Amino acid sequence: MTFAGQRVLVTGASSGIGAALAEGFAARGAVVGLCARREDRLAEVLERVRKHSPESRSWTIDLADLSGIEAFARRVEDELGGVDVLVNNAGIPKRRHVSELTPETVDAVMAINYLSPIRLTLALLPGLIERSGRVVNISSVAARLSPPSEAAYAASKAALTVWSECMQVDLHDTGVRVHVVNPGVIDTELFHLPDNETSLADLDALPPSEVTSAVIDAIGSGAFETYVPPWFADIVAGKFQDPRAFLEGSAAWTAERVAALGQ
Ligand SMILES: NC(=O)c1ccc[n+]([C@@H]2O[C@H](COP(=O)([O-])OP(=O)(O)OC[C@H]3O[C@@H](n4cnc5c(N)ncnc54)[C@H](OP(=O)(O)O)[C@@H]3O)[C@@H](O)[C@H]2O)c1
């Protein structure tokens, strides 16, 4: 699939999935806008992106500062020449037992993982409607599977997912298409950030390029929701058939993992 002539904004493009997405879109012909907080890391990614797409550019911004998002959106539209594809990818984990969460932590996770992509989407929406654009929200399997010690994180992603569903319904008579991509366990810095409990995940981490492929495929096929890897869709379907059994199974699995990891 080619994105020649298209302008793609990728948030959280300084590492991991966002960096891979930025390179993936640039390699397919798009002019890419990258943003995140770490200037040095953004510069490294931009250098790789510009090998494919010299007009691409980057902005350093803290997207958790919600008051700056409207002005940022205007700047991106001016300097990038509009946005055809918005990829809301920036996000933080928060692996912490519910009994140890504070209201401030929950607010902070919600601000970056939910409120900031929503503000950015709303600010760019008139242009996206005009251009029959795409919105890709990088959510998580956590939004559907409610893993242990991830109440704040999973709820922020579930909010993003449900927002995406409602948005697609409201925009059915426009050319805008919304896509939700739910990564499982991807090999990124997200598992090594401070201030998080050790992950209990027992899956082999996939490379970020798997998410890039899923995003490109979703845009090509028009799929609304995609899992990486795809078999997570079956687990989610099973959960909705019997939520109580799923949650009991999840609690038993958690106890086993905690014992196995000696936590
Ligand atoms: N890795 C996984 O297994 C996995 C699974 C499911 C979902 N996801 C989701 O995938 C997305 C990307 O995560 P990743 O795994 O690639 O981890 P990552 O390497 O830590 O990337 C997170 C990105 O978000 C940016 N970011 C975080 N806070 C920000 C802020 N306040 N303002 C602007 N940018 C901010 C980071 O840049 P700066 O630090 O430079 O600001 C970085 O570019 C996240 O939304 C995550 O929830 C990941």
Side-chain angles (χ1 to χ4, degrees), residues 9-24 32-46 48-49 58-69 72-73 76 86-95 105 107-120 136-147 150 152-161 163-164 179-196 198-212 214-215 225-229 232 236:
L9 175 62
V10 180
T11 70
S14 58
S15 60
I17 293 168
L21 282 166
E23 287 189 71
V32 184
L34 301 80
C35 67
R37 292 166 301 181
R38 290 170 295 175
E39 197 168 2
D40 53 338
R41 297 290 298 274
L42 264 183
E44 287 168 23
V45 181
L46 182 63
R48 297 199 296 272
V49 163
S58 68
W59 301 270
T60 48
I61 180 172
D62 182 352
L63 290 166
D65 177 5
L66 302 176
S67 65
I69 290 183
F72 173 64
V76 170
L86 166 63
V87 185
N88 287 310
N89 166 75
I92 58 166
K94 189 51 68 185
R95 293 181 297 277
T105 300
D107 287 354
V109 174
M110 211 61 176
I112 180 61
N113 288 2
Y114 175 65
L115 296 173
S116 110
I118 289 341
R119 288 231 185 170
L120 188 57
V136 179
N137 288 328
I138 305 299
S139 186
S140 170
V141 296
R144 299 297 198 192
L145 294 178
S146 311
E150 294 196 28
Y153 175 76
S156 70
K157 292 295 190 178
L160 183 64
T161 295
W163 166 280
S164 308
H179 308 279
V180 173
V181 175
N182 297 323
V185 180
I186 311 298
D187 186 12
T188 71
E189 296 167 26
L190 179 135
F191 290 101
H192 311 292
L193 293 176
D195 206 23
N196 279 276
T198 306
S199 169
L200 296 178
D202 56 356
L203 298 171
D204 289 337
L206 297 172
S209 57
E210 295 278 330
V211 182
T212 306
V215 167
E225 187 167 18
T226 306
Y227 292 84
V228 185
F232 267 109
V236 173

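Quick caveat: nothing in here was measured; it's all calculated off a predicted structure. Counting starts at 1 for both ligands and their atoms, following the listed order.
Between Asn88 and Leu86 the shortest side-chain heavy-atom distance falls below 4.5 Å. Counting only heavy atoms from C-beta outward, the side chains of Lys157 and Asn113 approach each other to under 4.5 Å. Taking 4.5 Å as the limit, every side-chain heavy atom of Trp163 sits out of range of all side-chain heavy atoms of Pro117. The side-chain heavy atoms of Ile17 and Thr188, taken from C-beta on, include a pair separated by under 4.5 Å. At a threshold of 4.5 Å between non-hydrogen side-chain atoms, the residues Val76 and Leu120 do not count as touching. Leu63 is listed as a side-chain neighbour of Ile112, based on a closest heavy-atom distance under 4.5 Å.
At the top of the distance list for atom 13 (O) of ligand 1, counting protein heavy atoms only, stands Leu190 CD1, 3.8 Å. In terms of protein heavy atoms, atom 32 (N) of ligand 1 is closest to Leu63 N, 2.9 Å. Of all protein heavy atoms, the one lying nearest to atom 19 (O) of ligand 1 is Ser15 OG, 2.8 Å. Of the protein's heavy atoms, Arg37 NH2, 3.2 Å lies nearest to atom 28 (N) of ligand 1. The protein heavy-atom contact nearest to atom 44 (C) of ligand 1 is Asn89 O, 3.2 Å. For atom 25 (C) of ligand 1, the closest non-hydrogen atom on the protein side is Gly12 CA, 3.6 Å.
Atoms of ligand 1 found under 4.0 Å from any heavy atom of Val185 (numbered from 1 in listed order, with element): 3 (O). Atoms of ligand 1 lying under 4.0 Å from any heavy atom of Ile17, numbered from 1 in the order shown and given with element: 10 (O), 15 (O), 16 (O), 48 (C). When each atom of ligand 1 is checked for a heavy atom of Ser14 under 4.0 Å away, the hits are 36 (C), 37 (O), 38 (P), 40 (O), 42 (C), 43 (O). Atoms of ligand 1 found under 4.0 Å from any heavy atom of Tyr153 (numbered from 1 in listed order, with element): 6 (C), 7 (C), 8 (N), 9 (C), 46 (C), 47 (O). Shown in contact with Ile92 at under 4.0 Å from a heavy atom are these atoms of ligand 1, numbered in order with element: 27 (C), 28 (N). Atoms of ligand 1 found under 4.0 Å from any heavy atom of Ala13 (numbered from 1 in listed order, with element): 43 (O). Near Ala36, meaning under 4.0 Å from one of its heavy atoms, ligand 1 places the atoms 33 (C), 34 (N), 37 (O), 38 (P), 40 (O), 41 (O). Numbered from 1 in the order shown, with element, the atoms of ligand 1 that lie under 4.0 Å from a heavy atom of Ala64 read 31 (N).
Nearest to atom 5 (C) of ligand 1 by heavy atom, out of Ser199, Gly184, Ser140, Ala22, is Gly184. Considering only non-hydrogen atoms, atom 3 (O) of ligand 1 lies nearest to Ile186 out of Ile186, Leu42, Leu193. Nearest to atom 17 (O) of ligand 1 by heavy atom, out of Ile61, Asp62, Thr188, is Thr188. Nearest-heavy-atom check against atom 7 (C) of ligand 1 across Ser139, Gly91, Ala143 picks out Ser139.
By the 4.0 Å heavy-atom criterion, Ala19 is excluded from the residues contacting ligand 1. Heavy-atom separations between Pro208 and ligand 1 are all 4.0 Å or longer.
When every heavy atom of Ala155 is checked against every heavy atom of Met110, the shortest pair comes out as O-CE, 4.4 Å. Smallest separation of non-hydrogen atoms from Phe232 and Gly184: CE1-CA, 3.8 Å.
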What side-chain donor-acceptor pairs closer than 3.5 Å can you find for residues 200-212, not counting sequence neighbours?
from	atom 1	to	atom 2	distance (Å)
Asp202	OD2	Trp253	NE1	3.3

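The proximity of Lys157 to ligand 1, defined as any non-hydrogen pair under 4.0 Å, is limited to the side chain.
Not counting sequence neighbours, the partners of Arg144 by the side-chain hydrogen bond (donor to acceptor under 3.5 Å, both in side chains) test are Glu165, Glu225.
The backbone N or O of Ala154 sits nowhere less than 3.5 Å from a side-chain atom of Lys94 that would complete a donor-acceptor pair. Looking only at distances, no side-chain donor or acceptor of Asp107 sits under 3.5 Å from a matching main-chain atom of Thr105.
Of the inter-residue distances, the one linking Leu46 atom CG with Arg41 atom CZ reads 14.0 Å to the nearest 0.5 angstrom.
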